[in-house]
Amino acid sequence: MIRIALTKGRLEDNTIERFGAAGYDVNEVRHKGRRLILPISNTVEVVLAKAPDVLTYVERGVCDLGVVGKDTIMEYGGNYYEVADLGFGRCRFALACAKEQNFYAGFQTKRIASKYPKVAAAYFAGKGMDVEIIKIEGSVELAPLLSLTDGIVDIVETGNTLKENGLVIVDEIAPVSARLIVNTASMKMKKNAVEEIIAALRQ
Ligand code: PRP
């Protein structure tokens, strides 16, 4: 049996569509109700989990493969193989601030809100800039609107959320998309089955 961890939410529909296109029977996943473990063939089942948990399950080997955003991989790291860019869920990490503000003006230490504190810290470290990073769990755009921070580091897809809240991109940090990851032991122990799934999903 092969078990694959899928990310709930933003990537879910595209992921299910890709498994369907690869020849798996995704009917039960589409009509899952509250069920969390679902078969997609006689030998493959999927589980639905929050993005950071997908990394945990794959790293610990309770799932052989996972589909997760590069944003989560960049933030949490971990020990697994990243074997394919699945091409959907495209967005980017960006630094943004209020439209009327010059982010780099002034000498005080900037404050940055982010759901991705490690990505934000690495970005500013790379620029040699000392900043204070404040972890926010959702709707990060609120932080500069409330004057909590000078800017945000977040994922931008359509740009609508920034626009509707009077924020603009200052700098693009990195592209993001859905990735296929594999447990390091499964890659060896279940080589044929894993390679078959990778090939099917790449198409
Ligand atoms: C993400 C991100 C932005 C928004 C960007 O949030 O944090 O808020 O989507 O998308 P856009 O450029 O297409 O407007 P998400 O929807 O995951 O919700 P959250 O902020 O509550 O986590």
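Just follow the structure's listing: the first ligand is 1, and inside any ligand the first atom is 1.
Applying side-chain contact (heavy atoms from CB on, under 4.5 Å) to Glu12 and the options Leu6, Leu48, Val29 leaves one that passes, Leu48.
From the protein, the heavy atom lying nearest to atom 8 (O) of ligand 1 is Glu141 OE2, 2.7 Å. Taking atom 20 (O) of ligand 1 as the reference point, the nearest protein heavy-atom neighbour is Ser139 N, 2.9 Å. Shortest contact from atom 11 (P) of ligand 1 to any protein heavy atom: Thr158 OG1, 3.3 Å. Closest to atom 4 (C) of ligand 1 among all protein heavy atoms lies Thr161 OG1, 3.7 Å. Looking at atom 5 (C) of ligand 1, its nearest protein heavy atom turns out to be Ile155 O, 3.5 Å. Of all protein heavy atoms, the one lying nearest to atom 15 (P) of ligand 1 is Arg10 NH2, 3.6 Å.
Polar contact check, Glu157 against ligand 1: a nitrogen or oxygen pair lies under 3.5 Å apart. For a threshold of 3.5 Å applied to N or O pairs, the pair formed by Leu162 and ligand 1 contains no separation below that value.
Close contacts between ligand 1 and Val156 involve ligand atoms 12 (O) [criterion: under 4.0 Å to a heavy atom].
Between the side chain of Thr72 and the main chain of Pro52, no donor-acceptor pair closer than 3.5 Å is present.
Using a 4.5 Å heavy-atom threshold, the side chains of Val119 and Asp71 count as separate. Contact annotation: the side chain of Thr15 never approaches that of Thr7 to less than 4.5 Å [non-hydrogen atoms, C-beta and beyond].
For CZ of Arg60, the number of neighbouring non-hydrogen atoms (other residues, nucleotides, ligands) closer than 6.0 Å is 12 at most. Crowding of Tyr57 atom OH: a count of heavy atoms from other residues, nucleotides or ligands under 6.0 Å not exceeding 12.
Within the 4.0 Å heavy-atom criterion, the part of Asp154 lying near ligand 1 is the side chain and not the backbone.
For the pair Lys115 and ligand 1, a heavy-atom separation below 4.0 Å is found.
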